[in-house]
Student: 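Once you've had a glance at the structure underneath, I'll fire off some questions.
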Amino acid sequence: MFKLDTSNLRGDLTGGLTAGIVALPLALALGVASGLGPMAGLYGAIAVGFFAALFGGTPSQISGPTGPMVVVLAGLFASLSGNVELILTAVVLAGLMQILFGFLGVGQYIRLVPYPVISGFMSGIGAIIIILQLGRLMGHEPPGGTIGALSYLPTALMDINFTTLALGVGTLVIAYKWPASLGKYVPGALAALIIGTLASLALSVPILGDIPTGLPSIHLPVFEQGTFFLVLEAAFILAVLGAIDSLLTSLVADNMTRTRHNSSRELIGQGIGNTVAGLIGGIAGAGATMRTVVNIRSGGKERISGMVHALVLLAIVLGLSPLASKIPHAVLAGILVKVGLDIIDWGYLKRAHTGPRWDFALMLLVLGLTVFVDLITAVGVGVVLAALAYVRQVAQLQLDEVNKIPEYLADENENALLEKAKGKVTLFSFGGPLSFGAAADLGHHVREKVRPGSQVLILDFSRVPVVDVSAAMAVETITSDATAAGRELIISGATPEVNKVLDSINAHQPNVRMFKTRLEALDHALRIIEDKKKTEQVGSSGKLAQA
């Protein structure tokens with residue numbers, strides 16, 4: 001299972017080395033943004049990067065700290081008043097949850113999250129990262145949380161440190177405008193980090209300060225009764241968010257490498273990586289899209305590339321920590337603003353006005369909830385509303401099928417029988433799965449469409465693969481209405497699965513006949529009509545004789 005593919009060793013070494021260099025400034029910046037410090041970012045990048053590559057299901061993926069995960073950790077840091085051990089406990093629990101998700105096959109359901117919801121919460125996370133860095137760009141340390149950072153902005157604007165602002169904005173410009181030709185040798189983010197740090201040596205600006213060096217210590221999980229549910233909730237959010245983030249990056253990697261990832265194995269790998277990260281004092285991570293793209297473009301294809309990326313960072317931790325202590329907060333803030341801008345889904349925002357308005361409205365709603373409430377609420381509300389909208393669309397299609405009473409059938413024999421009935425048979429041909437979405441209006445639409453002189457109703461289920469309990473209850477209501485109106489009801493074409501559900505709800509009342517084909521149902525309907533006609537004639541003859 002864990003055999004390493006060395007067929008692309010040279011490309012994997014190059015890709016891993018390049019991805020490691022790109023990851024360095026991001027790991028430092030995201031570690032600081034989480035509240036746990038730059039070394040926590042590096043330890044997280046090493047642990048998640050190595051073990052997710054070794055055990056994961058996307059060979060070319062590079063994992064490490066990401067913006068979405070850091071937003072949750074920063075919020076938890078503020079809620080727990082900086083209690084590092086409890087935060088690391090949440091990271092360990094998140095990893096264990098992801099391992100469980102992998103064994104339960106949860107990954108296949110995460111793929112079902114609609115794009116507007118994904119776009120909304122990713123853009124919201126990008127906005128949060130930018131909002132949290134605005135105060136730092138102006139030389140201040142704003143209070144934790146998005147609301148706190150926004151409310152602090154007027155204060156920061158009244159007292160701007162223009163030196164810090166120029167340094168941060170300059171870093172951002174370098175990161176964006178770094179020439180592509182030079183980017184092959186030194187990535188833009190790393191160039192911005194180096195140039196910004198060198199420029200700050202002649203300035204008086206806040207820097208990271210002393211950073212511990214060497215191997216990390218072990219942090220075993222701790223639990224406190226008063227904060228247990230808060231830690232558990234944060235762990236769940238981290239697990240779900242990391243799973244979504246990683247599997248989305250896996251899809252990007254699939255498109256670039258023309259391969260197909262294993263979602264369950266990927267979640268197990270990410271879970272192992274996050275569990276180890278929490279144990280050694282690192283922040284949580286996930287599949288990182290930008291680093292994965294850099295790896296693939298640099299030649300990395302197999303899991304060795306991700307492991308090399310982590311080992312490069314480990315070498316930096318063991319030897320270059322004193323140099324990292326000179327990095328200014330403003331430089332990291334500039335890099336983080338770029339991270340936030342890159343996360344925002346500009347591609348969808350530019351095209352949103354040309355698509356369905358409902359999808360765009362849903363995206364904006366999720367974005368707003370992400371920024372001003374929390375991520376789980378945003379995704380939960382988004383998924384529920386998207387699901388309801390989809391159910392409504394499907395229900396409308398089902399009802400449209402019900403409203404189409406066929407005047408002419410394609411089969412000549414069936415059509416001949418329908419014409420012979422002379423309007424005394426009303427045929428309803430249901431189409432597609434019948435579900436609770438259409439159930440509420442199903443009986444009403446059938447009642448409206450029944451021809452006045454109909455003596456027999458045929459409900460054709462030939463094109464219905466499944467029904468749910470709600471739809472079966474609606475069929476029972478239609479049956480009762482037909483009986484009360486003195487009409488016969490026939491069901492045709494129902495599969496054994498559909499029949500089973502109808503039987504369980506007792507939609508098959510004694511007077512309802514079942515036929516395998518529509519032709520048999522129409523033939524029986526004509527016999528019912530003829531029998532009624534004969535009965536009426538006999539009754540009329542009897543009355544005449546008595547007269």
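Quick caveat: nothing in here was measured; it's all calculated off a predicted structure. All residue numbers refer to positions in the sequence shown, counting from 1.
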Student: In this structure, are over 12 heavy atoms from other groups packed under 6.0 Å from F223 atom CZ?
Tutor: yes
Student: Show every donor-acceptor pair shorter than 3.5 Å between a side-chain atom in residues 19-28 and any protein atom, with sequence neighbours excluded, or say none if there are none.
Tutor:
none

Student: Using a 3.5 Å distance criterion without hydrogens, assess whether the side chain of W346 forms a donor-acceptor pair with backbone atoms of L341.
Tutor: yes
Student: Side chains of S63 and Q270 only: does a donor on one sit below 3.5 Å from an acceptor on the other?
Tutor: yes
Student: For S204 and T163, what are the C-alpha separation, side-chain angles and deciding distance, and is it a side-chain contact (heavy atoms from CB on, under 4.5 Å)?
Tutor: CA-CA 8 Å; S204 177; T163 302; over 6 Å; no
Student: Between atom CZ of F51 and atom CD1 of I46, what is the distance when rounded to the nearest 0.5 Å?
Tutor: 11.0 Å
Student: Check side-chain hydrogen bond (donor to acceptor under 3.5 Å, both in side chains) between T289 and all other residues, then give those that pass, not counting sequence neighbours.
Tutor: T249
Student: Do the side chains of M138 and L153 get nearer than 4.5 Å, heavy atoms only?
Tutor: yes
Student: Using atom types as modelled and distance alone, determine if a side-chain donor or acceptor of D12 lies under 3.5 Å from a backbone N or O of G300.
Tutor: no
Student: Would you mind reporting whether P465 and T495 have side-chain heavy atoms less than 4.5 Å apart?
Tutor: no
Student: Measuring from L9:CG to I304:CD1, what's the distance to the nearest 0.5 Å?
Tutor: 5.5 Å
Student: In Å, rounded to the nearest 0.5 Å, how long is the span from CZ of F372 to CD1 of I128?
Tutor: 9.0 Å
Student: What's the spacing between S305 OG and L17 CG if we round to 0.5 Å?
Tutor: 11.5 Å
Student: Any sub-3.5 Å donor-acceptor pair from Q133's side-chain atoms to L336's backbone N or O?
Tutor: no
Student: Under the 3.5 angstrom rule, does the side chain of Q108 hit a backbone N or O of G105 as a donor-acceptor pair?
Tutor: yes
Student: Tell me the closest heavy-atom pair linking N295 and S60, and the distance in Å.
Tutor: ND2-O, 2.9 Å
Student: Just do the side-chain contact (heavy atoms from CB on, under 4.5 Å) check on L172 and I335 with the steps written out, would you?
Tutor: CA-CA 6 Å; L172 178 62; I335 292 172; over 6 Å; no
Student: For a quick test of reading the model, state the closest non-hydrogen atom pair linking A277 to G44 and the distance between them.
Tutor: CB-CA, 4.2 Å
Student: Apply side-chain contact (heavy atoms from CB on, under 4.5 Å) to residues Y176 and D342 and explain how you reach the verdict.
Tutor: CA-CA 10 Å; Y176 264 115; D342 288 342; 3.3 Å; yes
Student: Taking only residues two or more places apart in sequence or in another chain, which ones pass side-chain hydrogen bond (donor to acceptor under 3.5 Å, both in side chains) with E85?
Tutor: H219
Student: Below 4.5 Å, heavy atoms only, C-beta onward: do I87 and S34 meet side chain to side chain?
Tutor: no
Student: Taking all non-hydrogen atoms of both residues, which atom of L385 and which atom of W358 are closest, and how far apart?
Tutor: O-CZ2, 3.7 Å
Student: Indicate yes or no for a side-chain donor-acceptor contact from T66 to the backbone of A286 under 3.5 Å, with no hydrogens or angles considered.
Tutor: no
Student: Below 4.5 Å, heavy atoms only, C-beta onward: do Q61 and S250 meet side chain to side chain?
Tutor: yes
Student: At their closest point, which heavy atom of M97 faces which heavy atom of F236, and how far apart are they?
Tutor: SD-CA, 3.6 Å
Student: Side chains of R265 and T58: does their closest heavy-atom pair fall under 4.5 Å?
Tutor: no
Student: Is a donor on one side and an acceptor on the other found under 3.5 Å between the side chain of T292 and the backbone of I62?
Tutor: yes
Student: Restricting to side chain to side chain contact (heavy atoms under 4.5 Å, CB included), what partner residues turn up for S263, sequence neighbours left out?
Tutor: R111, L247, H261
Student: For a 4.5 angstrom cut-off between non-hydrogen side-chain atoms, does I283 reach M69?
Tutor: no
Student: Any side-chain heavy atom of I327 sitting closer than 4.5 Å to one from I207?
Tutor: no
Student: Return the CD1 to CG distance between I268 and N262, rounded to the nearest 0.5 Å.
Tutor: 8.0 Å
Student: Looking only at atom types and distance, does a side-chain atom of T370 sit under 3.5 Å from a main-chain N or O of G124, one as donor and one as acceptor?
Tutor: no
Student: Without swapping roles, check the side chain of E302 against the backbone of D5 for a donor-acceptor pair under 3.5 Å.
Tutor: no
Student: Just by modelled atom types, is the R351 backbone N or O under 3.5 Å from a matching donor or acceptor in the T354 side chain?
Tutor: yes
Student: Could you work out, with ring pair (Phe, Tyr, Trp, His ring centres under 6.0 Å) as the rule, every residue matching Y115, not counting sequence neighbours?
Tutor: Y348
Student: If you look at every heavy atom in P328 and T197, which pair is closest and at what distance?
Tutor: CD-OG1, 3.8 Å
Student: Take F121 and L367 through the test side-chain contact (heavy atoms from CB on, under 4.5 Å) and record every step on the way to the result.
Tutor: CA-CA 5 Å; F121 88 79; L367 193 160; over 6 Å; no
Student: Can you list the residues that meet the side-chain hydrogen bond (donor to acceptor under 3.5 Å, both in side chains) rule with S119, with sequence neighbours excluded?
Tutor: D345
Student: What is the distance from atom CD of E233 to atom OG1 of T227, rounded to the nearest 0.5 Å?
Tutor: 12.5 Å
Student: Is the closest side-chain heavy-atom distance between T171 and L193 below 4.5 Å?
Tutor: no
Student: Write down the atom of L167, the atom of V205, and the distance for their closest heavy-atom approach.
Tutor: CD2-CG2, 4.0 Å
Student: Any donor-acceptor pair under 3.5 Å linking the side chain of N274 with the backbone of G285?
Tutor: yes
